Amino acid sequence: MLTFVGGFLEQQWGTHGYIRFVAVLAIAPTLTTCLAVVILSLVRGNSEVLYATPVSGLAGVLAGFTVGLKQLAPDYTVKLFRGALGFRVNDLPGFYTLVFPIVFTLLGDLGGVILVNVGFFEAFVYLRFYKRSGSVRGDRSEAFAFSTFFPELVQPVVRRLSTLVYRVAVKCKLITSEEGYQQAAVVDLDDVARRNVGELDSVVVVTDEVLSMEDSDADRRRALATKALDMRLGSGSSANNS
């Protein structure tokens with residue numbers, strides 16, 4: 001499964017984009033988890049926590065992969081056992097971050113619990129704000145907002161909290177503001193137009209139009225990714241049946 005999902009992400013993002021994503025997932029969540037364990041041991045005043053909590057495994061990478069799948073093909077439905085059981089890719093990150101921490105807790109693996117949650121969050125932050133696509137960094141489309149990872153009942157609360165955190169991050173210059181993102185989108189769309197048309201006398205862009213075009217482009221990429229995932233799953237099923 002890891003090879004299958006990794007191959008799909010590499011197909012969509014290219015080898016370099018995929019390697020950067022895996023490197024982020026392999027390094028950042030591990031360092032963050034180690035720091036969290038150190039802080040926890042200091043707060044508890046118990047050094048045994050520090051030495052008894054191994055931080056290893058692919059839990060953070062797998063959590064990040066579920067976020068990547070949601071970004072690319074959220075509406076795709078995976079069917080198992082000849083259609084008897086199915087789930088939307090959009091629900092995969094929530095399922096993973098709900099079930100696996102419980103499993104790791106039952107196993108007494110504190111490092112695994114932290115890795116799953118940190119891997120999920122840091123993968124979202126990277127894809128939402130930092131992953132480069134042309135001159136644009138991140139994916140600010142509404143379909144990939146942080147609140148969409150949660151049930152509809154709590155989405156308004158999550159949206160308000162995430163907006164507050166976003167404003168603090170922008171003020172601290174940790175991420176690009178919406179205006180900076182829109183300017184990069186203008187440059188990116190201008191470059192695409194020049195490649196397709198050859199020459200443009202002028203490009204007049206309104207903020208709402210830019211966001212609309214970016215959302216449309218994101219929807220188009222998701223549609224293509226969904227089709228690619230369907231073909232990949234179909235070819236895999238055919239290979240297993242033959």
Side-chain angles (χ1 to χ4, degrees), residues 1-2 4-5 8-9 12 21 24-25 28-29 32-33 36 58-81 83-107 109-131 138-170 175 178 181 211-212 214-216 218-223 225-227 229-230 233:
M1 180 58 72
L2 185 64
F4 173 83
V5 175
F8 171 71
L9 296 178
Q12 299 302 310
F21 182 64
V24 169
L25 293 180
T32 306
T33 302
L58 296 173
V61 176
L62 288 174
F65 276 15
T66 65
V67 177
L69 285 174
K70 172 185 164 56
Q71 183 200 28
L72 293 170
D75 296 324
Y76 186 81
T77 301
V78 178
K79 295 181 180 179
L80 304 174
F81 307 112
L85 178 65
F87 60 89
R88 291 175 65 223
V89 169
N90 189 70
D91 302 324
L92 192 56
F95 174 81
Y96 185 84
T97 54
L98 174 66
V99 172
F100 277 81
I102 295 174
V103 173
F104 284 126
T105 300
L106 295 175
L107 294 175
D109 187 354
L110 176 62
V113 175
I114 300 175
L115 265 177
V116 168
N117 290 283
V118 170
F120 156 75
F121 181 73
E122 292 185 350
F124 167 77
V125 171
Y126 174 73
L127 294 176
R128 179 73 168 173
F129 300 107
Y130 294 106
K131 184 179 179 299
D139 178 0
R140 303 288 181 95
S141 62
E142 284 297 318
F144 194 55
F146 188 66
S147 59
T148 62
F149 287 85
F150 295 84
E152 291 186 7
L153 183 64
V154 298
Q155 283 187 11
V157 177
V158 175
R159 191 177 296 113
R160 284 195 289 270
L161 291 174
S162 61
T163 299
L164 177 62
V165 174
Y166 165 78
R167 288 173 179 170
V168 172
V170 169
I175 58 177
E178 198 67 31
Y181 176 79
L211 293 176
S212 177
E214 281 295 304
D215 282 343
S216 298
D219 291 339
R220 180 184 61 81
R221 290 196 299 268
R222 290 188 183 95
T226 300
K227 184 177 180 181
L229 181 59
D230 190 34
L233 285 171

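Treat the numbers as computed from the prediction; the structure is a model and nothing was measured.
A donor-acceptor pair is defined here as one N or O able to donate and one able to accept, closer than 3.5 Å; no such pair exists between the side chain of R88 and the backbone of D75. Looking at E122, its side chain never comes within 3.5 Å of a backbone N or O of L25 through a donor-acceptor pair. Although no hydrogens or angles enter the test, the distance criterion places no donor-acceptor pair under 3.5 Å between the side chain of D109 and the main chain of T105. Side-chain N or O atoms of Y96 include one that pairs as donor or acceptor with a backbone N or O of A59 at under 3.5 Å.
Side chains of F149 and F144 form a contact here, defined as non-hydrogen atoms less than 4.5 Å apart. At least one side-chain heavy atom of K70 sits under 4.5 Å from a side-chain heavy atom of T148. At a threshold of 4.5 Å between non-hydrogen side-chain atoms, the residues F65 and F21 count as touching. Two residues are said to be in side-chain contact when any heavy atoms from C-beta on lie closer than 4.5 Å; Y166 and E178 meet this criterion. By the 4.5 Å heavy-atom criterion applied to side chains, F146 and L161 are not counted as neighbours. P29 has its side chain within reach of L115: a pair of non-hydrogen atoms, C-beta onward, lies under 4.5 Å apart. Side-chain contact check for K131 versus D139: every heavy-atom pair is 4.5 Å or farther apart. The shortest side-chain heavy-atom distance between V116 and F120 does not fall under the 4.5 Å cut-off.
Between the CZ atom of R167 and the CD1 atom of I175 there is a distance of 12.0 Å, given to the nearest 0.5 Å. Distance check, rounded to the nearest 0.5 Å: OG1 of T66 to CZ of F95 gives 11.0 Å. Here S147 contributes atom OG and E142 contributes atom CD; the two are 7.5 Å apart, rounded to the nearest 0.5 Å. Note that the CZ atom of F8 and the CG atom of L72 stand 5.0 Å from one another [nearest 0.5 Å]. To the nearest 0.5 Å, atoms CG (N117) and CG (L98) are separated by 10.0 Å. Going from atom CD1 of I114 over to atom CG of L110 covers 4.0 Å, rounded to the nearest 0.5 Å.
Within 6.0 Å of the CG atom in L153, the count of heavy atoms belonging to other residues, nucleotides or ligands does not exceed 12.
What you find for G64 and A123 is that their closest heavy atoms are CA-CB, 3.4 Å.
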Tell me, with the steps shown, if Y126 and Y130 meet ring pair (Phe, Tyr, Trp, His ring centres under 6.0 Å).
CA-CA 5 Å; Y126 174 73; Y130 294 106; 7.1 Å; no
Starting from the C-alpha separation in whole Å, work towards a yes-or-no answer on side-chain contact (heavy atoms from CB on, under 4.5 Å) for R140 and F129.
CA-CA 7 Å; R140 303 288 181 95; F129 300 107; 3.4 Å; yes
